[in-house]
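Just below is one structure, and these are the notes that go with it.
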Amino acid sequence: MEWFAYGLLALIGLLMSASAVYAFFWAQKTGEFRDLDQQARSIFDETEPEGVVTDRFPGRATRASARPQHAAAASKHS
Amino acid sequence: MSAPSTPSHPAGKASTHQLEQAAASDASITAIHQTLLREKPEPTEGFSPIPIFLLFVFSALIFVGGVYIAHYAGDFEPMAFDPSRGKQVASAEPAKPVDPMVLGGRLFNQNCAACHQVTGQGVPGSFPPLAGSEWVMGSEERLVRILLHGLSGPIEVEGKTYNGAMPAFGPKSGYRFNEQKIAAVLTYVRNSWGNTAPAVTPEKVKEIMAAVGDRPGPWTAAELDPFK
Amino acid sequence: MSSAPSLAAAIDPRTKMPQERAELHQIDESTRVLALIFLGTSAVWLLVGTIFALIASWKLHNPEFLSTQEWLTFGRVRTAHLNTVIYGWATNAGIGVSFWLMARLSRTLLRHAGILYVSGAAWNLAVIVGTFGILRGDGQPVEWLEFPRYVTPLLFVSYALIGVWGIITFRFRRGEHTYVSQWYLLAALFWFPWLYSIAQIMLVFAPTVGVIQALTNWWFAHNVLGLWFTPIGIAASYYFIPKVLGKPIHSYHLSVVGFWALAFFYNWAGVHHLIGGPIPVWVQSAGIVASLMMVIPVIVTAINHHLTVIGSFQQVWNSPTLRFIVFGAMNYTLASLLGSAMALRSVNSVTHFTHFTVGHAHHGMYSFFTMVMFGSIYYMLPRLLRKEWPSAFLINVHFWGTAAGITLYVVALSIGGWIQGMQMNDVKNYPDFLQIMVATKPWLFARTIAGLMIAVGHIAFVVSFVWILIKKRTVEETSPTLFNTPPTLSLKTS
């Protein structure tokens, strides 16, 4: 019984390791490791573009340092 | 999803709003501006590959890790800390004689001090004191027997009666003290906190162990009377 | 300073809503109810956990406090604290943030929401019953798995459902890129059911014999932190730092290295809790080396996070999200490097079995993970509810209360724990054990003070949370993402 349990656990361990190896090769095959700067930019889009600060304290004018970005964002829709 | 060709994000840091608007009319200029303006204030920004010094740091780490494993793996032997395993090595250089007071002190603090306290005073009403105790300074016959198999039931120490149980520490108990450890810890309690009594030798402990043999349970105080 | 309200007036999001923004808005909408359920329950658990924490902390320097209440003895209250904050607060918040991020990054509407409703209900029910069971005295004597065995199947099923959901959502993703946050989230969703099921089998339902139990226990407990909370925390920081700043992360190359190094090394590190224990010495050494190797992903992540922020650091004054997350990311670096150092035998022999370890656990779980979750919630809720946070003051109270509180907490326990460890190791002049304990009292008291500061922060957070839920939407707050309708723009040319 004990050995059965250990065998089962070893099997699960092997499956987990195999899945990690599979994930790695899958990532390679599907080009996850290529064109990296494009990937880094993938979180930005038309509506939340690069160069625009997207968070601020409520009801408070942002400090001078952050101002140009807001102005830029606003100008886009004006 | 990003569409870098559209002139829709005139993101600039150093320019004024009006300038940006003017530039926004020309797609190509905006695109160039965007890149230039974004890059300038942050020289560190970009898609830098892994810096070469990091590779050195990581290689060094992996090297250190390898050396560490090689050094501290105990030959991948599960019983690396088993004293019997090191015997062949030990014979190469003569073992240092162990000071029973040092070994005994360590054993006492680890195993006995919880009840008898580091000061040997015990806890009034619960655990009898060892300092000045007639049991400790008296016959070693009695003392070794208590340590080997434990003691339970009422016992009178320094004129006060205690009723508790002391566990066995002998080789067949959970603590597995051998004769050397028993001798050391007894020598320690017999010569600490103002106690003065002759040291207990491992040979004497062995002799008593042979005399008692197997014993199912702890002693009672009355049973030990003959060994006074 | 001259203000230019005309700029704000010029924006009318109702007339100009590009298709992509509508899409993002739809994705946010589709996650709204579920996210609110998970985040709302997590906020409740945060308060409950804080109360337990304060009681337990007070008991450490005043043991007679509430000692006659069987249900509130230290052993139960501390355990209840741990389990409510880990499984109630951190896991609920982590799941809420995870699936919002997952849906956003996969650019797909939330599918199969039913799965998540069921699992959310089951999970919270299990935490309620489990906490009650612990207080009643039914707890399991296994660290981090104290919930009584009658709730574990419920937890497991609910958890497995979330894992399945994550994989389905990833399967239906659009866009050719998998952002690094998705890697971390997927891995976390995949790893936790594995950890939890193996630990349950080997510790509770068919307990292994002897030291293997201890090994499994620490493998599990450390990996919950390392392979479940850490990936979610890192995923959130990898998303929010660049997103808020509008600036891609410093180096995507490094993030790839970081992910795989974490996946490879963390699994081994838990053994460092058993250094000096009766387990084969090579297993301990392997654990120590793995803990050292964790320096690699930590440095890589640190470079990415900090070098992205550098140059825009002043933005932490403008963005609540960034402020919390940068605090969290800094402490991730610090706590992880300290953790690697603590795995070394020479350091471990001092810090093990002292308050230092307790301080370190909070450093990782609170200064890093919890703060990142707070930051994420500050970003998500306005977008989900299309309302602004009601009060900048409350956010400030929240940040300074928790940040100062947890820093005091970690510093006090680290110093106190180190002194405690040095005294306990001092075999030659071994003082009375009682003396060592008494010597820790001032540090424990400082920890209660820190706890009170944190509690003030939490109250401010929950008040904000409830307030934003019930307040009315104002006229101008119609934009799905709020950043482009600032109420006032101060133009100051420098």
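Residue numbers start from 1 in every chain, and the chains themselves are labelled A, B, ... in the order their sequence lines are given, proteins ahead of strands.
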Are more than 12 heavy atoms from other residues, nucleotides or ligands located less than 6.0 Å from atom CZ of C:Phe205?
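Yes, the 6.0 Å shell around CZ holds more than 12 heavy atoms from other groups.
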Could you look at C:Ser181 and say if it's the side chain, the backbone, both or neither that has a heavy atom under 4.5 Å from chain A?
neither
Value rounded to 0.5 Å, distance of [atom1] in [X] from [atom2] in [Y]:
{"X": "C:Ile201", "Y": "A:Ile12", "atom1": "CD1", "atom2": "CD1", "answer": "5.5 Å"}
{"X": "A:Met16", "Y": "C:Trp191", "atom1": "CE", "atom2": "CH2", "answer": "8.0 Å"}
{"X": "C:Phe264", "Y": "A:Phe24", "atom1": "CZ", "atom2": "CZ", "answer": "11.5 Å"}

Check A:Ala20 against C:Trp260 and note the closest heavy-atom contact, atom names and distance.
O-CZ3, 3.8 Å
Check A:Ser19 against C:Phe190 and note the closest heavy-atom contact, atom names and distance.
OG-CE2, 3.5 Å
Leading residue by heavy atom contact count with chain A [cutoff under 4.5 Å; candidates C:Val244, C:Ile212, C:Leu105]:
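Option with the greatest count: C:Val244.
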